[in-house]
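In this text the structure is predicted, and so the values were computed from the model without any measurement. Letters A, B, ... are given to chains in the order of the sequence lines, protein chains preceding strands, and every chain is numbered from 1.
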Protein chains: 2
Amino acid sequence: VLALENVVKEYPLTPPVRALAGVDLTIEAGELLAVVGPSGSGKSTMLHIMGTLDRPTKGDVSVAGYRVSELSDAELSGLRSRHIGFVFQAFYLLTGYSALDNVADGLLYTGVPLDERRARASAALETVGLSHRLDHVATQLSGGERQRVAIARAIVGKPSIVLADEPTGNLDSTTSSGIVELFHELNRAGSTIVVVTHDPEISASLPRIIHLRDGLIESDRVRELS
Amino acid sequence: VLALENVVKEYPLTPPVRALAGVDLTIEAGELLAVVGPSGSGKSTMLHIMGTLDRPTKGDVSVAGYRVSELSDAELSGLRSRHIGFVFQAFYLLTGYSALDNVADGLLYTGVPLDERRARASAALETVGLSHRLDHVATQLSGGERQRVAIARAIVGKPSIVLADEPTGNLDSTTSSGIVELFHELNRAGSTIVVVTHDPEISASLPRIIHLRDGLIESDRVRELS
Ligand SMILES: Nc1ncnc2c1ncn2[C@@H]1O[C@H](COP(=O)(O)OP(=O)(O)OP(=O)(O)O)[C@@H](O)[C@H]1O
Ligand SMILES: Nc1ncnc2c1ncn2[C@@H]1O[C@H](COP(=O)(O)OP(=O)(O)OP(=O)(O)O)[C@@H](O)[C@H]1O
Ligand SMILES: [Mg+2]
Ligand SMILES: [Mg+2]
């Protein structure tokens, strides 16, 4: 359902920066996996390309059966709203809006009326432990609360693909475990989930782990978990 | 060198939110300690009040021998630039500026000329492993690279007090250990260092640990470390 073939991403600085130096990766529908690697190794870049938020310099990308290079920006935007939930490393919440409306915004493309979107948003915020913060605007939330709003927004539409970029970096271990459990639940319900993470507890608990280093996949291992 | 006496911080929402519900804390010059607790428990709020970036609703704050309530905003600003280095949970880098100029900005108050500030900024960025990214602007840096720029900016002036709000949330464990080692070095050189962290490896390695829960200090323990 996600495939990268010889993907290169280069930025034209002096000297040029090769954020990805030739990545090959195939992910089947329904998988649950971790992406790990040092700071600056290309994880966010790879996740953005997988989520069609960025185009590679070279190589091919396929998402949900489509060859990304053959789609226009408008078609990619439609593909994303229907299939992909993205949790950004920097959250990107709408600053003037409440937690509830930030998450309801994740359903704008569905054509569902506002009060139904808010009802679903409220349910999503409950799953991340934020029922007591629905009406706080982004500036009235702690760092970990904002992170959880970003997670709720990404999953409220129950997308078939969830791409999460370091979703627990601002969370204590108890709250983190709740998020990992949420990802397991979504995966059991059929979603394909890719989690970029620096937390060894998380990567140790997922059935497949991809190690990135200097823009290349260093290892890609599936394991038996009891 | 830092004292909070019966500090309360309340936000006038409906119902009101008590981010801090009566905190008593004394930190001696030269200490190195961790502040831990669940997401939303008041850690950032407490750190901001300790750093004079916010005023309490009730209670007294003393920093570097001064009673904060007796200083004007201008005097507090002077106190901060002379004594305090603050690493923000959300980094707050200057977006159009390079890593080098972001860190050099941390020395603006010193009256030191630009090329000397840049030389010191370059040295500070080297200690956080970013010599290869000096001229990248904030948008050309990974999440963990931006976090390290924020750390370098906080410490470049060798402040006597370092307040770090979750400084390793976006870093892999190797890079994190480098940051912890940096804090130990600054502490050996005399700085007082308070680290808010969700990383149990970090809190376990510091000689004092304060647990916050629901805006109150639940425990405050000093331990013998070999
Ligand atoms: N401006 C505000 N108005 C209302 N409530 C606020 C405001 N700022 C923070 N809060 C609330 O105060 C509580 C404490 O916030 P704080 O940022 O100190 O938490 P924290 O311990 O740093 O959490 P995290 O680990 O998630 O960063 C949170 O529950 C938050 O929702
Ligand atoms: N617009 C850009 N121009 C130039 N270089 C960039 C740009 N964006 C990212 N980079 C560089 O590409 C490399 C990979 O960035 P990326 O954000 O993918 O890293 P990461 O693995 O997610 O790191 P982290 O764990 O710190 O979040 C980094 O070294 C970064 O400096
Ligand atoms: Mg990243
Ligand atoms: Mg915080």
For atom [atom1] of [X], is the number of surrounding heavy atoms from other residues, nucleotides or ligands below 6.0 Å larger than 12?
X	atom1	answer
B:Asp24	CG	yes
B:Glu126	CD	no
A:Glu201	CD	no
B:Arg223	CZ	yes
B:Arg213	CZ	no

Interface check, chain B: of A:Ser142, A:Ser39, A:Gly169, most non-hydrogen pairs under 4.5 Å belong to A:Ser39

Residue among A:Ser173, A:Ala19, A:Gly40, A:Ser41 with most heavy-atom pairs under 4.5 Å to chain B:
A:Gly40

Which portion of B:Val17 sits near chain A, non-hydrogen atoms under 4.5 angstrom:
side chain

Bottom line for B:Glu166: the part with an atom under 4.5 Å from chain A's heavy atoms is side chain

Relative to chain B, which segment of A:His132 carries a heavy atom at a distance below 4.5 Å: side chain, backbone, both, or neither?
neither

Compare every heavy atom of A:Asn170 with every heavy atom of B:Gln89, then report the nearest pair and how far apart it is.
NE2-OD1, 3.0 Å

Closest non-hydrogen contact found for A:Gln140 with B:Leu13 is NE2-CD2, 3.6 Å

